[in-house]
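This report concerns only the one structure given below.
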Amino acid sequence: MALERTLVLLKPCTVQRALIGEIISIFEKKGLHIVGLKMMQLDDRILSEHYAHLSEKPFFQRVKDAMMACPVVALCLEGVEAIEVVRTLAGPTNGRKAPAGTIRGNYSMSFQENIVHASDGPETAAAEVKRFFKPEELYEWKSNNLLSTYANDEF
Ligand code: ADP
């Protein structure tokens with residue numbers, strides 16, 4: 001099983017609603033390992049790249065504006081199959097339709113203001129971690145909890 005890294009952004013809605021600690025705590029409690037963590041103000045350049053797949057959508061500029069409304073918190077999380085685990089925790093895009101128990105299902109009433117961004121596959125995760133973190137901002141540190149988090153042949 002693959003130890004993966006994935007990118008999470010706590011969106012401006014999360015920062016404004018004072019949910020930073022609560023959402024980070026969900027990832028920590030799950031057993032994901034935080035290897036990068038910082039606050040940053042996004043700009044149109046990085047968002048046009050990050051949301052390039054939405055460039056033809058009518059809401060493209062609105063989504064970018066919402067992501068620039070205030071700083072975001074960027075996290076790089078590590079774990080076995082972390083990309084899929086984090087997407088499952090986040091839930092489907094529309095907060096009103098996301099199942100209870102997911103982050104979006106529990107905290108969001110909106111298609112757009114949906115609390116977190118999470119990488120959706122191995123290629124995007126690699127590109128997104130690189131987009132938001134410099135190599136020296138990522139920390140290789142060993143968890144003392146590994147054998148309580150996984151069986152010894154799982155990681
Ligand atoms: P996800 O964040 O679930 O991977 P997408 O990559 O499709 O979803 O979209 C990126 C972000 O753009 C979403 O998280 C959401 O904030 C916004 N968005 C996507 N689709 C819509 C929509 N139909 N209406 C409003 N906002 C949307």
Side-chain angles (χ1 to χ4, degrees), residues 1-57 60-93 102-104 107-108 112-155:
M1 274 155 280
L3 200 61
E4 296 174 339
R5 286 183 173 184
T6 189
L7 178 90
V8 169
L9 299 175
L10 307 187
K11 296 186 176 188
C13 56
T14 308
V15 175
Q16 288 290 357
R17 289 172 57 197
L19 290 171
I20 294 172
E22 197 152 325
I23 304 300
I24 290 178
S25 162
I26 291 169
F27 296 121
E28 281 192 302
K29 287 182 198 160
K30 177 69 175 169
L32 290 150
H33 188 57
I34 300 174
V35 297
L37 173 61
K38 65 175 174 179
M39 189 173 240
M40 61 195 294
Q41 175 63 49
L42 303 183
D43 61 20
D44 198 76
R45 186 201 59 79
I46 196 167
L47 286 166
S48 294
E49 199 179 285
H50 184 64
Y51 284 138
H53 62 290
L54 301 178
S55 64
E56 302 304 318
K57 302 279 188 196
F60 182 50
Q61 190 60 46
R62 195 192 64 193
V63 167
K64 290 193 295 176
D65 287 343
M67 290 295 286
M68 293 187 276
C70 77
V72 300
V73 174
L75 290 154
C76 179
L77 300 176
E78 191 178 79
V80 174
E81 297 171 355
I83 299 165
E84 188 187 342
V85 167
V86 171
R87 287 288 289 190
T88 302
L89 278 178
T93 310
T102 64
I103 292 171
R104 287 163 169 175
Y107 294 95
S108 167
Q112 175 175 286
E113 305 301 324
N114 57 4
I115 311 297
V116 288
H117 165 81
S119 306
D120 66 3
E123 291 79 23
T124 40
E128 290 177 355
V129 168
K130 208 168 158 196
R131 180 173 301 135
F132 289 92
F133 285 95
K134 300 187 185 107
E136 64 270 25
E137 292 173 329
L138 296 171
Y139 293 86
E140 305 278 348
W141 64 283
K142 198 168 152 37
S143 165
N144 292 331
N145 260 332
L146 221 47
L147 285 169
S148 312
T149 306
Y150 301 106
N152 63 10
D153 64 351
E154 278 185 309
F155 58 90

Heavy-atom side-chain proximity of His117 to Val72 below 4.5 angstrom: no
Backbone of Trp141 reached by a side-chain donor or acceptor of His33 within 3.5 Å: yes
side-chain contact (heavy atoms from CB on, under 4.5 Å) assessment of Asp44 paired with Gln61: CA-CA 9 Å; Asp44 198 76; Gln61 190 60 46; 3.7 Å; yes
Flag, side chain of Tyr107 to backbone of Ile23, donor-acceptor distance under 3.5 Å: no
Heavy-atom donor-acceptor pair, Lys64 side chain to Tyr51 backbone, under 3.5 Å: no
Exam field: side chain Asp43 to backbone Ile46, donor-acceptor pair closer than 3.5 Å: yes
Backbone of Gly121 reached by a side-chain donor or acceptor of Arg87 within 3.5 Å: no
Interatomic spacing from CZ in Phe60 to CG in Leu54 - rounded to 0.5 Å: 7.0 Å
Nearest-0.5 Å distance that lies between atom CG in Asp65 and atom CD in Gln112: 9.0 Å
Check ion pair Glu113-Arg62 (N to O, under 4.0 angstrom): no
Nearest heavy-atom neighbours spanning Ala66 and Pro12: O-CG, 3.1 Å
Shortest non-hydrogen contact from Ile83 toward Pro122: CD1-CA, 3.6 Å
NZ (Lys38) with more than 12 external heavy atoms under 6.0 Å: yes
Over 12 foreign heavy atoms within 6.0 Å of CG, Asn144: no
Minimum side-chain heavy-atom gap Leu9-His50 below 4.5 Å: yes
Check against side-chain contact (heavy atoms from CB on, under 4.5 Å), Ile24 and Leu37: CA-CA 10 Å; Ile24 290 178; Leu37 173 61; 4.0 Å; yes
Over 12 foreign heavy atoms within 6.0 Å of OH, Tyr139: no
Spatial distance of atom CG (Leu32) from atom OG1 (Thr149) [nearest 0.5 Å]: 9.5 Å
Glu78 CD to Leu3 CG distance, which is reported to the nearest 0.5 Å: 4.5 Å
Worked verdict on Arg5 versus Glu140 for salt bridge (charged side-chain N to carboxylate O under 4.0 Å, His left out): CA-CA 12 Å; Arg5 286 183 173 184; Glu140 305 278 348; 3.4 Å; yes
Heavy-atom closest contact (Thr102 atom, Thr88 atom, distance): CG2-O, 3.8 Å
Shortest non-hydrogen contact between Leu77 and Ala82, atoms and distance: O-CB, 4.3 Å
Leu19 and Lys11, any side-chain heavy atoms less than 4.5 Å apart: no
Gap between atom OG of Ser108 and atom CZ of Arg17 - 0.5 Å precision: 7.0 Å
Close side-chain approach of Phe132 and Leu42, heavy atoms under 4.5 Å: yes
Residue pair Val85 / Lys30: nearest heavy atoms and the distance that separates them: CG1-CE, 3.7 Å
Spatial distance of atom CD1 (Ile115) from atom OG1 (Thr14) [nearest 0.5 Å]: 4.0 Å
Heavy-atom pair of closest approach, residues Glu28 and Ile34: CG-CD1, 3.8 Å
Heavy-atom donor-acceptor pair, Thr6 side chain to Ala125 backbone, under 3.5 Å: no
